[in-house]
Amino acid sequence: MSRFNALKADAHWQRVWDERRTFAADDASTKPRAYVLEMFPYPSGKIHMGHVRNYTMGDVLARYRRMTGHEVLHPMGWDAFGMPAENAAMEKGVHPGTWTRANIAAMKAQLKRLGFALDWTRELATCEPNYYGHEQALFLDLFAGGLVYRKESSVNWDPVDMTVLANEQVIDGRGWRSGAVVEKRKLSQWFLKITDFADELLDGLGKLEHWPDKVRLMQENWIGKSQGLKFSFVLSSPLPLAGGVGGGPVATDPDTSPPPAPPASGRGEDSVEVFTTRPDTIFGASFVAVAADHPIARALAEGNPAAAAFIERCKQGGTTAAELETQEKLGFDTGLTAQHPLDSSWQLPIYIANFVLMEYGTGAVFGVPAHDQRDFDFARKYGLTIKRVVSDGATDEPAFTDDEAYTGAGTIVNSHFLDGMTIEDAKRAVIDRAEVEGWGTGTTVFRLRDWGVSRQRYWGTPIPIIHCGACGVVPVPQDQLPVILPDDVSFAIPGNPLDRHPTWKHVACPSCGADAVRETDTLDTFVDSSWYFIRFASQPDDQPFDRAEAERWLPVAQYIGGVEHAILHLLYARFWTRALRHIGKLDIAEPFAGLFTQGMVTHETYKSSDGRWLAPDDVRDGTEIATGHPITVGRVEKMSKSKKNTIDPEPIVDQYGADAVRWFMLSDSPPERDLPWSEAGIEGSWRFVQRLWRLFGADIDDVTGDDLPLRKLAHRSTTGVAEAIEGLQFNKAVALLYTLANAIEKAPASADRRTAIDTLLRLASPMVPHLAEEAWGMAGREGLIADAPWPTVDPALLVDDEVTIAVQVNGKLRDTLVVAKGTPKDVLETTALASDKVIRLLEGQSPRKVIVVPDRLVNIVA
RNA sequence: GCGGACGUGGCGAAACCGGUAGACGCAGCGGACUUAAAAUCCGCUUCCCCUGGAGUGCGGGUUCGAGUCCCGCCGUCCGCACCA
């Protein structure tokens with residue numbers, strides 16, 4: 001019998017699936033629906049092993065759901081805007097669109113070769129006007145709904161590339177591409193009001209039962225809800241102001257919508273507002289500190305060179321983790337003092353401090369050195385009072401002699417009316433009193449910031465806004481959408497080609513007809529990926545989606561992707577979905593009912609004798625092929641170009657076929673953990689594919705006879721594999737299939753064996769679909785196995801009538817008994833005590849105690 | 001610093017509610033077939049001082065019984081990070 005010819009079979013069945021549109025989802029179907037989605041790829045040009053693993057997992061689930069009678073939506077598209085296309089344009093002189101579309105074509109061909117059960121009729125690319133035009137419409141809907149605003153904000157500016165960089169693109173203070181020192185610049189940026197949904201997004205996490213705890217926790221921390229007290233200290237002397245500092249820390253653009261945040265300096269120029277989560281320690285305060293860019297600091301700097309110099313110094317501080325770790329707490333005594341809200345005779349010094357962040361809370365804090373480590377360090381350095389107000393039970397003395405701050409539980413002391421209270425009670429008491437007396441309010445503060453979506457880039461969705469000298473910000477009218485990116489752009493010089501395009505940005509104001517200019521910023525590509533799963537579910541020409549149609553598919557039943565998207569993408573998509581609900585476009589709260597984050601594909605790393613990284617192809621039998629020198633084998637790490645330990649899937653598919661690659665992706669490692677790629681592993685997968693082929697191809701006509709144990713195993717395997725796939729435990733499903741295949745190979749010919757082979761074929765078909773179709777066709781079966789049902793299970797065959805009982809003496813295994821299931825306790829005990837080994841161990845003594853667990857074990861305590 | 005996850009053979013890993021630790025795969029070893037090799041098939045494969053003993057990172061505890069539960073360490077990885 002011949003080998004399984006994967007190359008031939010793969011191509012054949014992929015064509016058949018395509019021609020028959022086997023995996024096109026039917027919107028009109030009455031079957032239960034299952035929306036299975038993997039995170040769509042960025043079209044970099046080539047798929048990598050991570051894609052293969054991700055899409056194989058989704059594919060097995062999608063194919064399994066089809067077999068269990070679901071109408072499955074399993075689409076694929078392209079997250080096609082983004083910087084790499086512009087970089088390619090700059091480096092190779094190719095248009096970003098040309099580059100991107102060629103990459104899409106290449107990657108689509110690669111994906112097709114893996115035989116994924118995808119509905120290609122719904123393919124979309126975010127860089128096409130028929131996608132981003134609808135996104136512009138949604139953006140304007142959100143704008144009309146009050147969820148979009150514009151304000152000036154500080155950005156990372158690369159002065160060489162003349163563009164804004166994301167925080168992730170700033171490495172040690174320099175642009176990742178240009179290497180230029182990044183500047184902070186104030187630019188007018190568009191923001192989405194994700195903070196309006198902070199509480200909702202946080203609460204919603206609790207209902208996402210089918211999400212990994214890890215991701216929920218990460219989002220919870222990211223949203224960062226803190227409850228406490230916001231209150232004002234009255235300044236003891238008026239600020240030496242030159243014309244006033246204005247309302248808040250952030251000067252607002254004249255043409256903006258109202259910014260959501262109230263001015264941070266509270267009641268005006270004669271007070272400083274602070275936020276604290278520890279109002280219970282209010283009597284332990286010994287100073288007030290404001291951020292370097294706080295209005296008070298800025299006002300002071302105008303007339304005080306020393307203050308100005310200090311603020312400059314703060315700004316130079318590094319922002320990397322390591323720098324923050326070691327950076328000294330620095331303060332500048334302003335000479336100003338603030339009056340304690342509960343004691344008008346108590347004056348606290350006001351410092352400008354480098355550890356206070358303008359972005360969080362009110363940009364000002366009060367310091368309680370005894371019970372906050374940072375305040376403690378600061379107080380030690382500047383000789384400020386350290387007063388105990390929380391007792392750990394050891395002492396109540398106000399003099400605090402410990403070496404570090406005490407942040408644990410305890411009783412409030414040295415605090416007037418709070419004395420004797422617990423921390424929680426004291427918090428409540430101070431907030432109540434502040435609210436009654438009117439100097440503060442109980443407040444919730446979030447770490448989450450509004451989402452800045454402006455990017456000074458060409459290859460993105462144009463923000464559909466027109467700036468008119470007379471009318472201000474004017475949305476592009478719906479009938480003028482989409483705002484299409486011009487094709488005739490040049491990347492010869494840095495900066496945003498849209499901004500310097502000769503004609504594109506010049507338009508008549510839709511409102512008054514005067515000369516006006518388009519917004520030349522484009523949207524963050526995370527906007528594109530915040531709603532693509534809705535467009536997959538419904539894609540009419542005249543609107544972003546049909547509400548009823550989308551609601552029939554959504555939410556996504558199972559979403560699968562990398563954990564690197566745990567926060568940004570998944571939080572933005574959750575926000576966008578809730579924002580659409582808020583404006584009445586779609587009544588879905590959570591876009592992804594189930595989430596699974598898969599592990600990476602890893603590989604050994606190799607280094608030459610002189611320390612160069614070597615690719616797996618450069619290495620054979622512990623030596624470098626080119627030089628013959630011995631190599632060192634390094635850790636197993638994530639595949640990366642820099643360490644040269646990548647394996648390109650394409651030649652692997654050429655050599656072993658899609659099914660062997662798919663099988664390998666599912667074998668051995670639990671899907672959420674890393675999968676170490678190995679040559680031996682793919683060889684093993686290939687051998688198993690061939691073994692299956694031999695099993696399926698054997699002559700099995702006209703055999704009769706029973707094989708009850710095998711029949712039972714086939715039924716047990718069917719439930720086992722089903723449970724494993726539903727739980728996304730593909731490694732367990734694979735192990736069960738090996739076990740079943742092993743048993744079938746060993747079993748003599750019988751009718752049960754023939755049926756077991758059919759069962760194995762169906763159970764394995766989601767994983768090795770090409771082989772399964774080929775075997776199915778060869779056996780002369782009707783239609784496609786892709787359309788065949790999952791085997792039915794006879795529950796009676798799942799129970800064993802014989803069980804093996806463990807016989808322990810003092811908890812150690814000494815013997816086993818095979819007895820009928822349900823054998824009564826006393827019989828088990830008698831049988832166990834009659835065991836030769838037990839008799840020998842007991843040495844004639846009678847047991848002190850015997851524990852019997854029916855169908856499980858007998859433990860004899862001697 | 002804060003938060004979290006994880007530590008089981010040479011390797012990837014299983015082990016349900018506390019009940020026979022190591023299923024399944026890889027690698028390895030022995031054998032069959034072959035002129036030979038590949039492929040395939042059969043068997044072995046946690047360790048040791050092997051009629052027995054030890055063993056799930058280390059040290060304690062609870063229990064008739066602990067990989068699983070509790071306490072304390074050690075280590076690895078991940079996320080956030082001057083968050084008031």
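What you see is a predicted model; the values in this text were computed from it and never measured. Each chain gets a letter, A, B and so on, in the order the sequences are listed, and its residues count up from 1.
Here the side chains of A/Val272 and A/His294 are in contact, with some heavy-atom distance below 4.5 Å. Using a 4.5 Å cut-off on side-chain heavy atoms (C-beta onward), A/Pro616 and A/Tyr606 make contact. By the 4.5 Å heavy-atom criterion applied to side chains, A/Leu771 and A/Trp663 are not counted as neighbours.
The CG atom of A/Leu205 sits 7.5 Å away from the CG atom of A/Leu201 when rounded to the nearest 0.5 Å.
Around the NZ atom of A/Lys638, the shell of radius 6.0 Å holds no more than 12 heavy atoms that belong to other residues, nucleotides or ligands.
Using a 4.0 Å cut-off, no side-chain N or O of A/Lys214 falls inside it from OP1 or OP2 of B/A5. A/Arg840 has a side-chain polar atom (N or O) that falls below the 4.0 Å cut-off from OP1 or OP2 of B/G52. Neither OP1 nor OP2 of B/G25 sits under 4.0 Å from any side-chain N or O of A/Ser685. Checking the phosphate oxygens (OP1, OP2) of B/C83, a side-chain nitrogen or oxygen of A/Arg374 falls inside 4.0 Å. OP1 or OP2 of B/A39 has not a single side-chain nitrogen or oxygen of A/Arg694 nearer than 4.0 Å. The side chain of A/Arg635 contributes no N or O atom lying less than 4.0 Å from OP1 or OP2 of B/U76.
Pair check for B/C24 finds B/G12; Watson-Crick or G-U wobble, both atom distances under 3.5 Å. Figure legend. B/G79 is base-paired to B/C2; pairs are counted as Watson-Crick or G-U wobble with both atom distances under 3.5 Å.
Side-chain atoms of A/Phe355 lie closest to B/C82 of the nucleotides B/C82, B/C42, B/A84. The nucleotide whose nearest atom lies closest to any side-chain atom of A/Trp222 is, among B/G4, B/C78, B/C80, B/C80. Here the nucleotide nearest the side chain of A/Val861, chosen from B/C82, B/G43, B/C64, is B/C64.
Taking the P atoms as reference points, B/C16 lies 16 Å from B/A66, given to the whole Å. Separating the C1' atom of B/U45 from that of B/C11 is a span of 14 Å, rounded to the nearest Å.
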Look for any protein N or O under 3.5 Å of an N or O in nucleotides 14-24 of chain B and output each such pair with its distance, or none.
| residue | atom | partner | partner atom | Å |
| --- | --- | --- | --- | --- |
| B/A14 | OP1 | A/Asn731 | ND2 | 3.2 |
| B/A15 | OP1 | A/Lys732 | NZ | 2.6 |
| B/G19 | O2' | A/Arg856 | NE | 3.1 |

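With respect to A/His340, the ring-ring contact (aromatic ring centres under 6.0 Å, His included) criterion is satisfied by exactly one of A/Trp439, A/Phe231, A/Phe283: A/Phe283.
Between the CD atom of A/Glu604 and the C1' atom of B/A27 there is a distance of 12 Å, given to the nearest Å.
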